Amino acid sequence: MLPDYPFATPPAAGKTFEVSPGIHWLRMPLPFALNHINLWLLEDDAGWTIVDTGFALDTVKECWQGVLSRLTTTAHGGKIVRIIVTHFHPDHLGLAAWLQERTGAPVCMTVGEYLTAHAVWHEVGGHGNQPMLRQFRAHGLDADRCAALERRSGGYNRGVPSLPTHYQRLFDGDQMAIGGHHWQVRIGFGHSPEHAALYCAELGVLISGDMLLPKISTNVSVFAVTPLADSLGDYLQSIDHYRELPAETLVLPSHGLPFYGIENRVNALHAHHQERLQVLEEHCTTPRSAAELLMTLFSRDLDTHQTMFAMGEAIAHLNRLEHAGRLLRVEDAHGLVRFVRRQAAASPT
């Protein structure tokens, strides 16, 4: 069953639209095939809470300047009381430091997202382009595509030109009073280290970030710093917790349109990934690398940016099959990692 979309048309860039009492929808451009991000403004007697900040483009800054100017005409003078960042990816964190400097508002994040942002930005502790390239080479990505990825080094820093140097830490289950309502922090895993979604039972609203999207599947990758992680298993377990929310919950995602139908969407995502896992397993009757299986997972042509996400997602699916006991990981003398179906590995030659 398809999600139910109560708002068919998104607001224009830099404009706001009220989707629920005190909850305003913003949409900002992105310089990718996925060309937009949804941001949220929560109104309170004390001021405004910003949820996510957008990619650091001049056009996005101009949109924010217009929004902040318009907010000064509201009853509380447009005061920004907090900036909540769901996770460290540049379309979410990109302008947090810039907005913090302009408004004086604290940035609120989980510790996993805050520290990962700093590690990726400074390329330390196993994070950054070079560890990623070593990982992709080990999983069979050819020299030309690795070279293209190396040429785009520094992409994270372009999207996040500066980082907050202090923040307020969010914990799972934290309660925040905003607009006379209680908002609960709900932590999820798999898409990023410690993603924070926000749920208000009184309003029946879930700000899902990237954990739950209405049409596309959330990217779930394995990163070089945790090469054996079961990221897909972590993600599917995380979204299972959304089944407990009422059926009438309005989901406010970071991409796509707000929607109803949370349980159906969780079920559809499970079915999608189970189908992909089955296809991959069937293609591993002989040892196969993640790079060799890219076209099995993604039938379309992939640009360099998409190849990065596709490799991470292919490894995540293969790791899930290994954790489930359906594939074996095989590494040759040159460090090339392949996966093979257990029955095939056990068959006599």
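Note that this is a predicted model, so its numbers are computed, not measured.
Side-chain contact annotation: Glu282 with Gln278, donor-acceptor N/O pair under 3.5 Å present. Residues Asp52 and Thr86 bring a donor and an acceptor atom of their side chains to less than 3.5 Å of each other. Inspection of the Asn38 and Trp25 side chains reveals an N or O donor paired with an N or O acceptor under 3.5 Å. Donor-acceptor pairing under 3.5 Å is lacking for the side chains of His255 and His36.
Of all the heavy atoms in His127 and Ala119, the pair that sits closest is ND1-CB, 3.5 Å. Val107 approaches Ala96 most closely through the heavy-atom pair CG2-O, 4.1 Å. Closest approach of Asn319 and Pro227 over heavy atoms only: ND2-O, 3.0 Å. Nearest heavy atoms, Pro6 versus Pro258: CD-O, 3.4 Å.
Taking 4.5 Å as the limit, every side-chain heavy atom of Glu18 sits out of range of all side-chain heavy atoms of Ile23. Using a 4.5 Å cut-off on side-chain heavy atoms (C-beta onward), Ile207 and Leu42 make contact.
Under the side-chain contact (heavy atoms from CB on, under 4.5 Å) criterion, Pro31 pairs with Phe55, Leu57, not counting sequence neighbours. For Arg186, the salt bridge (Lys or Arg N to Asp or Glu O under 4.0 Å) partners two or more places apart in sequence, or in a different chain, are Glu244. With sequence neighbours left out, Asp4 forms a side-chain contact (heavy atoms from CB on, under 4.5 Å) with Tyr260. Checked against side-chain contact (heavy atoms from CB on, under 4.5 Å), Asp142 has the following partners two or more places apart in sequence or in another chain: Asp144, Arg145.
Taking the six-membered ring where the residue is Trp, the centroids of His191 and His89 are separated by under 6.0 Å. Aromatic rings from Phe7 and Phe17 are positioned such that their centres are separated by under 6.0 Å.
The number of heavy atoms from other shown groups lying within 6.0 Å of CD (Gln65) is above 12. For Asp332, the CG atom counts as densely surrounded, since its 6.0 Å shell holds more than 12 non-hydrogen atoms of other residues, nucleotides or ligands.
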Could you list the donor-acceptor pairs under 3.5 angstrom formed between side-chain atoms of residues 147-159 and any protein atom two or more places apart in sequence or on another chain?
residue	atom	partner	partner atom	Å
Glu150	OE2	Gln130	NE2	3.1
Arg152	NH2	His305	ND1	3.1
Tyr156	OH	Phe88	O	2.7
Asn157	ND2	Trp121	O	3.1
Arg158	NH1	Ser153	O	3.4
Arg158	NH2	Arg152	O	3.3

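Side-chain heavy-atom separations under 4.5 angstrom define the hydrophobic clusters, and the remaining members of the one that includes Leu213 are Leu34, Ile216.
Note on ring orientation: taking the six-membered ring where Trp is involved, the planes of Phe339 and His139 are parallel (angle under 30°, cut-offs 30° and 60°).
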